[in-house]
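Encoded as structure tokens, the structure appears first; notes follow it.
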There are 2 protein chains.
Amino acid sequence: MVGSQTKGPSQEPHGQQSQDSRDEILKAATRLFANRGFHETSMSEVAREARVSKALIFWHFKTKEELFLAVLNRLLEPYFIDFAEESRMLDERHQILRLVEFYLLFVRDHANSVRFFLAQMLREQRLSEGLGEQIMKLYSGYRDMLVELIARAQERGLCATGFTPENAAGFILSALNGLMIEFLFMPGATMNPESAVSMVDQWLFHGRERQETSVGKTEH
Amino acid sequence: MVGSQTKGPSQEPHGQQSQDSRDEILKAATRLFANRGFHETSMSEVAREARVSKALIFWHFKTKEELFLAVLNRLLEPYFIDFAEESRMLDERHQILRLVEFYLLFVRDHANSVRFFLAQMLREQRLSEGLGEQIMKLYSGYRDMLVELIARAQERGLCATGFTPENAAGFILSALNGLMIEFLFMPGATMNPESAVSMVDQWLFHGRERQETSVGKTEH
DNA sequence: AGCCGGCCTAACCTATCGGTCAAGCGTTAA
DNA sequence: TTAACGCTTGACCGATAGGTTAGGCCGGCT
């Protein structure tokens with residue numbers, strides 16, 4: 001939620017107009033920044049793509065960096081999802097599997113912004129210092145949830161205990177990131193979360209219910 | 001060693017001089033491109049860093065893109081290593097473990113280049129069309145070797161047969177890439193190939209000799 | 001000696017960059 | 001009517017981008 005006011009349409013004609021153009025600019029900038037990067041994208045391009053004058057962009061956003069940060073916030077929105085709320089009624093095993101599935105579905109459905117953030121973090125630190133922290137916070141939040149769930153599952157005797165929850169979570173995350181890389185970089189690779197989920201299920205819970213048994217499916 | 005001729009010093013004064021300056025330029029450009037990217041690096045900066053005039057760069061390289069490609073080739077050099085030659089005398093198991101270790105050691109020792117290539121491949125292909133192909137060739141070459149070795153190991157009854165060599169190789173590569181991500185992005189993460197190697201050993205060969213048993217170590 | 005060609009530079013060129021400015025529009029309030 | 005305000009624009013600015021030009025230096029060949 002960047003600047004979402006609660007006022008209805010046409011209630012404030014100027015404000016509405018302003019919001020529209022601001023949105024067009026953000027959309028265009030997002031598209032351009034995403035597949036060209038910060039330095040490769042010029043404000044003139046953004047203006048042309050958004051079909052407004054360049055000066056209008058500078059009326060909405062003081063500098064190019066401010067526009068960039070607005071884009072980042074816009075892109076970060078879908079990342080904030082309250083998991084604990086969403087699946088509180090499931091047992092640990094299904095929460096874990098749900099979490100794993102969520103990671104991959106997210107990467108698949110937000111491939112562009114994931115690409116974007118990855119590229120941004122691989123490059124200039126300047127612009128992505130705060131960004132990196134935010135993402136790391138999300139990431140370790142995710143990891144912590146995983147650790148917590150595995151620990152509870154172990155306590156209840158639901159899964160193997162031959163490893164610490166931290167190590168298991170680290171292993172799972174590595175595997176997920178590996179799948180992510182494959183999906184993002186290999187041309188034509190398809191993300192199929194089910195096989196990954198069933199792998200984790202196998203590994204942690206020995207697939208105590210019916211489940212596919214495919215392991216390391218990597219179709220191409 | 002880019003263009004290391006075998007001629008001694010001062011044998012060809014002009015050529016030697018030229019090579020020196022060309023090398024300085026390449027070194028500076030490599031450094032700058034690596035941690036700032038193509039568009040963020042200006043020829044003037046390269047000139048300053050290499051302590052030559054900008055015009056000299058354009059004498060050695062017709063355009064900025066040509067310089068960039070020269071840098072890429074320079075960076076790709078260490079990737080071309082003939083594995084089959086190097087470890088022909090080992091058995092499949094140790095060749096596989098060697099291969100795994102090599103992957104991680106390479107990522108660790110060439111982190112900057114790897115970062116650079118990843119970032120480059122995330123961006124639009126214009127500049128890195130040929131580059132992407134080259135890297136994909138290396139990557140699938142690596143994967144093929146892995147597949148081949150696992151297949152042979154299975155034939156000889158050295159390792160489990162509950163999976164196809166392709167799936168096993170895909171799984172291992174995913175795990176390696178996951179470790180790579182962790183190493184590249186987590187501040188202070190250390191790459192320790194031994195534990196990964198022993199994991200693969202455990203998984204494929206059930207660690208038939210003495211080996212550590214740590215799994216998914218993720219210290220931070 | 002005198003010229004040639006490889007190596008190198010200061011100065012210069014044009015296009016485009018991020019950013020500014022003053023003025024024009026329609027709406028609203030007085 | 002008109003002054004004020006929010007939104008929008010074309011024209012413009014200095015800085016810097018990639019790239020060029022003309023020429024200087026230097027060792028080797030005739």
Side-chain angles (χ1 to χ4, degrees), chain A residues 2-3 5 7-30 32-33 36-72 123-124 126-127, chain B residues 2-3 5 7-30 32-33 36-72 123-124 126-127:
Chain A
V2 179
Q5 285 99 337
K7 54 180 107 141
S10 78
Q11 191 170 328
E12 198 166 321
H14 280 184
Q16 183 60 32
Q17 224 178 124
S18 174
Q19 272 303 329
D20 284 355
S21 67
R22 193 188 145 98
D23 250 38
E24 281 304 310
I25 292 170
L26 273 176
K27 270 165 55 186
T30 300
L32 288 170
F33 281 145
R36 276 189 232 248
F38 181 78
H39 286 275
E40 299 90 320
T41 300
S42 78
M43 295 303 260
S44 310
E45 283 178 293
V46 176
R48 194 182 328 121
E49 196 85 0
R51 278 177 304 216
V52 298
S53 71
K54 196 176 58 168
L56 183 56
I57 303 182
F58 284 97
W59 187 83
H60 280 294
F61 310 92
K62 272 195 277 285
T63 68
K64 188 186 183 184
E65 295 203 6
E66 192 178 304
L67 171 60
F68 184 73
L69 292 179
V71 166
L72 288 193
R123 293 185 172 238
E124 254 172 325
R126 260 193 59 244
L127 281 172
Chain B
V2 177
Q5 287 100 335
K7 52 179 114 141
S10 78
Q11 190 171 332
E12 198 167 321
H14 280 186
Q16 184 60 33
Q17 224 177 127
S18 174
Q19 272 303 328
D20 285 354
S21 67
R22 193 188 146 98
D23 246 40
E24 282 303 311
I25 292 170
L26 273 175
K27 270 165 55 185
T30 300
L32 289 170
F33 282 146
R36 288 152 94 106
F38 180 77
H39 289 274
E40 299 90 318
T41 300
S42 77
M43 296 302 261
S44 309
E45 284 178 292
V46 176
R48 193 182 329 121
E49 196 85 359
R51 278 179 302 215
V52 298
S53 73
K54 198 174 59 166
L56 182 56
I57 303 182
F58 285 98
W59 186 83
H60 280 297
F61 311 92
K62 273 195 277 283
T63 67
K64 189 186 182 185
E65 296 205 4
E66 192 178 305
L67 171 61
F68 183 71
L69 292 179
V71 166
L72 289 192
R123 295 290 167 88
E124 258 183 312
R126 263 194 58 244
L127 276 172

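As the structure is a prediction and not an experimental result, all values here were calculated from the model. Below, chains carry the letters A, B, ... as their sequence lines are ordered, and counting in each starts from 1.
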Closest non-hydrogen contact found for B/Ala50 with B/Glu24 is CB-O, 3.8 Å

For B/Thr63 and B/Phe58, work out which heavy atoms get closest and say how close. CA-CE2, 4.3 Å

B/Val46 side chain reached by B/Val52 side chain, heavy atoms, under 4.5 Å: no

Which one, [options], comes nearest to the side chain of [X]?
X	options	result
A/Ser44	D/dA17, C/dC17, D/dT8	C/dC17
B/Ser42	D/dA17, C/dC8, C/dG18	D/dA17
B/Thr63	C/dT20, D/dT8, D/dG19	D/dG19
A/Met43	C/dG6, C/dG18, D/dT8	C/dG18

[X] [atom1] to [N] [atom2]: how many Å, rounded?
X	N	atom1	atom2	value
B/Phe58	D/dA22	CZ	C1'	17 Å
A/Glu40	D/dA17	CD	C1'	14 Å
B/Lys64	D/dT16	NZ	C1'	12 Å
B/Lys62	D/dT20	NZ	P	11 Å
B/Glu24	C/dT9	CD	P	12 Å
B/Phe68	D/dG19	CZ	P	14 Å
B/Phe61	C/dC7	CZ	P	13 Å
A/Ile25	D/dC7	CD1	C1'	11 Å

Considering only NZ, NE, NH1 and NH2 on the basic side and carboxylate oxygens on the acidic side, decide whether A/Arg48 and A/Glu45 come within less than 4.0 Å. no

Is it the case that the base of D/dG19 and the side chain of B/Lys54 share a donor-acceptor contact (distance under 3.5 Å, atom types as modelled)? yes

Does D/dT8 have OP1 or OP2 under 4.0 Å away from a side-chain N or O of A/His60? yes

So, is B/Ser21 near the phosphate of C/dC8, with a side-chain N or O under 4.0 Å from OP1 or OP2?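 Yes, B/Ser21 has a side-chain N/O under 4.0 Å of OP1/OP2 on C/dC8.
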
Aromatic ring pairing A/Phe38/A/Phe68, orientation class (parallel under 30°, perpendicular over 60°, tilted between):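 It falls in the perpendicular class, over 60°.
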
So what does A/Ser53 hit on the nucleic acid, given a heavy-atom distance under 4.0 Å: a base, only sugar-phosphate, or nothing? base

Between A/Trp59 and A/Ala55, whichever has its closest DNA chain D nucleotide further toward 5' is A/Trp59

